[in-house]
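Here is the structure we will look at.
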Amino acid sequence: MVNYVNSLSVEEQLRIARERFPEVVEAKKPERTPEAKTLPPLPSVEKYGTVRTRFAPNPDFYIHLGNARPAILSYEYARMYKGTFILRFEDTDPRIKTPLPEAYRAIREDLRWLGLTWDEEYIQSLRMEIYYRVAKELISRGGAYVDLCPREEFRKIKAQRRPCPHRDQDPSKSLELFDRMLSGYFGEGEAVLRVKTDLESPDPSLIDWVAFRIIDTSSTPHPLTGDKYVVWPTYNFAAGVDDKLMGVTHILRGKEHAVNTLKQLYLYKALGWEYPEVVNLGRLKLEGMILSKSLIKSTIRRSAGRVSVDDLRFGTLRSLRRRGILPEVIREIILEVGVKVSDATVSWENIASLNRKRIDLMTPRLMAVVDPVEVAIWEIPETPNLRVLRLSNHPSNESLGVRTVEVGSGNPVRVYLSRDDVEILLKEGSIRLLEFCNIALKSYSRELIEAYFTGVDVEQARRSGLKIVQWVPARDFARVSIVKPEGLKLRVLKAFAESSLLRQREGSIVQFVRVGFIKVEKIESKLRNVKVVFMHD
RNA sequence: GCCGCGGUAGUAUAGCCCGGUCAAGUAUGCGGGCCUUUCGAGCCCGUGACCCGGGUUCAAAUCCCGGCCGCGGCACCA
C-alpha cells in the first residue's frame with residue numbers, strides 16, 4: 001500500500017488525497033484560499049458582450065515562464081467571463097524564425113500541463129489564402145502598395161519622410177504586381193507589399209511597414225507547407241488580420257508589441273475595422289535562471305547534445321516541470337504578478353515556498369546523507385526495535401504509511417552520516433540519530449570514526465541539546481546523485497539514501513529530511529543507483 | 001541617439017483612476033519565540049518601502065511639472 005502510494009506522481013497523490021481524505025488536505029491550509037488573487041476587470045467588456053482572448057506563440061521553440069504570463073492571463077480572463085480562449089501558432093517566417101516541427105506539439109503539451117485548455121486552435125501557415133484575400137482587398141482600397149524599391153533605397157526615402165515612387169501607383173497596378181509576386185516572378189527582396197501609414201511618424205519603423213515579403217521556400221522550406229508559398233505575411237499583417245477574423249476582443253501581450261499595435265491600427269483603419277482592446281504586459285525575469293529564448297537556444301547548440309531544453313538552469317516550462325514545480329504554483333505566481341506593464345522579477349524563494357506548501361503534506365520523507373562518512377557505533381542493545389526500525393513516512397499524514405529501516409544485528413552498527421554532521425559529532429562529542437538513538441564519540445582517525453550508544457530517549461537528547469541528524473544504515477542503502485543548479489552551474493551531489501528510495505516511482509517527489517525536496521528521475525534497481533533532481537529546500 | 005512606457009520594503013504585490021480612513025496591507029525573505037525526533041510545516045512576535053526635487057491643496061504614495069533611474073521599440077523577426 002505504502003509503496004503503491006509512493007509510486008504515484010505527486011499530482012496523482014494530491015488528487016486522490018483530496019477525494020479520499022479531504023480533511024487531511026484541507027486542514028493544513030485553512031483560510032489560505034479566501035484571499036485568492038482575483039484579476040481586475042478587463043476594459044470595455046460590455047461593448048463586446050463576450051470575451052475572446054488568444055495566446056499566439058511562435059512555434060520556433062519551447063515556451064518559458066515569460067510566455068506563461070500572457071498565456072495564463074488570457075486563459076483566466078476567457079474563463080472569468082465565460083468567453084473563448086484561442087491558441088494560434090504564428091509561424092509565418094520560414095527563413096529567420098524557422099518553425100521547429102516539434103514545437104507545435106511541445107507548446108500544446110506545456111499549455112495542457114499548465115492546466116490551460118483552448119476552445120479554438122489555428123495555425124497561420126495554413127491560412128495563407130485568407131491573408132492573400134485580405135491583402136487584395138486592402139490594395140483595392142488603396143491601403144497598401146507593392147513596392148519595388150531596393151531596401152536601401154526605400155530607407156533613404158523614408159528618412160526624408162517622402163513617398164517612394166510606387167506609393168501612388170494605381171491600386172490596379174499594385175494588384176497586378178501582387179499577383180506577380182504570388183506567381184513567383186520576383187525573388188527574395190525584389191518586391192514587398194507595404195501598408196500606407198502616416199509619412200510624418202517620428203518612428204521610422206512605423207512608416208509604410210511591410211505586410212508581405214518574398215521568402216524563397218525552395219531553399220528555406222516551411223516545416224508545414226514546404227515550398228508551396230513564397231509570399232509570406234509579416235507578424236503585423238497576419239496577427240492583425242487574425243485578431244479581427246477570429247473575433248478577438250482583448251489582446252494581452254508583452255509590451256514589446258506596443259509599437260505593433262500602432263502599426264496595425266493603420267491596417268484596421270484602411271479596412272474599416274475596429275481594433276480590439278489591448279493590454280500590454282511587462283517582461284518577466286526568473287531569478288537566477290535563463291529565460292532568453294536565444295540564449296537558451298545557443299547554449300543548447302554549443303553544448304554538443306549535453307544540454308537539453310529542460311536543463312535546470314533554464315526558465316522553460318519543461319525545466320520548471322522537471323524541477324517538480326507544480327503548474328498551480330506557476331499559475332499562482334502569474335496571477336500574483338498580475339496585469340501590469342512594469343517588469344517583474346520572480347524570486348525563486350517565492351516559487352519554492354509556494355510549491356513546498358502544496359507538496360509537503362503529501363510527500364513521503366526519508367533519510368539521505370550528502371557526502372557520506374561511515375561511523376561505527378558500539379554498544380547498541382540487541383533489542384528488536386533498535387535493530388529493525390519502523391518509521392512513519394510523514395509525521396502528520398499517516399496515510400503515507402510506514403517503512404522499515406534495518407540496521408542489522410551485532411556490534412558495531414555501521415551507519416553513514418553527512419560529512420557536515422560528522423563535523424558536528426566531532427565538535428560536540430555527541431549527537432542524536434533521527435528516530436534511532438543518541439550516540440557519543442569514542443575515537444576517530446582518518447579511516448574510522450567510532451561512537452557508542454548512549455540511549456534511545458529523545459527527551460534526553462533534547463535536554464542535552466543534541467543536534468538531531470539523519471543517517472543511513474551501511475548494510476543497506478541506495479546511491480544517489482542529486483543534480484542541483486547553483487547559479488549557472490550544475491552540481492552533482494553524491495549521497496546515500498535509505499534503500500526504500502529504490503521503491504519510489506520515477507517522477508515522484510520525496511523529501512530528504514534536512515536536505516530538501518527532490519524529484520526522482522531514474523532508478524537503476526539492480527545497481528542500486530538513483531538519479532534525482534534537487535527541487536528546493 | 002530618437003520614440004514610447006514604467007518606478008511602493010531584498011523580491012513580488014495591494015493602495016494611485018475617484019487626495020484624507022496609509023505613521024502604507026499581504027506573501028516571500030530575514031530576526032526571535034512556541035510547537036515539532038528535519039535546517040521543513042504550523043502558530044505568534046518583530047524587521048523592512050511610497051526614486052529625487054519642486055508645485056497645487058487645510059491635506060499627496062495618490063494630482064501637476066522637472067530630474068534621475070529602469071525597461072521596451074527603432075527589421076522584408078515574432
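Chain A is the first sequence line, chain B the second, and so forth, proteins listed ahead of strands; every chain is numbered from 1. Quick note: numbers below take in every heavy atom, side chains included, and nothing from hydrogens, waters or symmetry partners. Model, not experiment: these values are computed from the prediction.
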Inspect the surroundings of CZ in A:Arg161 and state if more than 12 heavy atoms from other residues, nucleotides or ligands are less than 6.0 Å away. yes
Using a 4.0 Å heavy-atom cut-off across all strands, classify [X] as base, sugar-phosphate, or nothing.
| X | result |
| --- | --- |
| A:Arg95 | sugar-phosphate |
| A:Leu434 | base |
| A:Asp421 | base |
| A:Thr92 | sugar-phosphate |
| A:Arg194 | nothing |
| A:Val192 | base |
| A:Asn260 | base |
| A:Gln511 | base |
| A:Val513 | base |

I want to know whether A:Tyr416 and A:Phe477 have ring centres closer than 6.0 Å. yes
Kindly express the pairing pattern of RNA chain B in dot-bracket notation, using | wherever a base pairs with another strand and counting only Watson-Crick or G-U pairs under 3.5 Å. (((((((..((((......[....))))((((((.......))))))...(((((..]....))))))))))))....
Would A:Arg253 and A:Phe55 count as a cation-pi pair here, with the cationic atom under 6.0 angstrom from the ring centre and within 45° of the axis? no
Cation over ring, A:Arg180 on A:Tyr185, under 6.0 Å and within 45°?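 Pair A:Arg180/A:Tyr185 counts as cation-pi.
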Within this structure, what is the [atom1]-to-[atom2] distance between [X] and [N], rounded to whole angstrom?
| X | N | atom1 | atom2 | answer |
| --- | --- | --- | --- | --- |
| A:Asn236 | B:G73 | CG | C1' | 12 Å |
| A:Phe436 | B:U38 | CZ | P | 17 Å |
| A:Lys297 | B:A78 | NZ | C1' | 11 Å |
| A:Gln470 | B:G40 | CD | P | 13 Å |

Does a donor on one side chain and an acceptor on the other come within less than 3.5 Å for [X] and [Y]?
| X | Y | answer |
| --- | --- | --- |
| A:Glu398 | A:Ser392 | no |
| A:Ser399 | A:Asn397 | yes |
| A:Asp93 | A:Tyr235 | no |
| A:Ser205 | A:Asp203 | yes |
| A:Asn393 | A:Arg365 | no |

Each nucleotide N or O in nucleotides 2-10 of chain B that has a protein N or O under 3.5 Å away: list the pair and distance.
none

Assess whether salt bridge (charged side-chain N to carboxylate O under 4.0 Å, His left out) is satisfied between A:Glu277 and A:Lys47, documenting all intermediate values. CA-CA 10 Å; A:Glu277 305 296 323; A:Lys47 191 172 116 190; 3.5 Å; yes
Would you say the base of B:U37 and the side-chain of A:Arg462 have a donor-acceptor pair closer than 3.5 Å? no
Using the C1' atom as the point on both nucleotides, what is the distance between B:U36 and B:A14, in whole Å?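 The answer is 34 Å between these two C1' atoms.
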Write down the distance separating the C1' atoms in B:G25 and B:A9, rounded off to the nearest Å. 13 Å
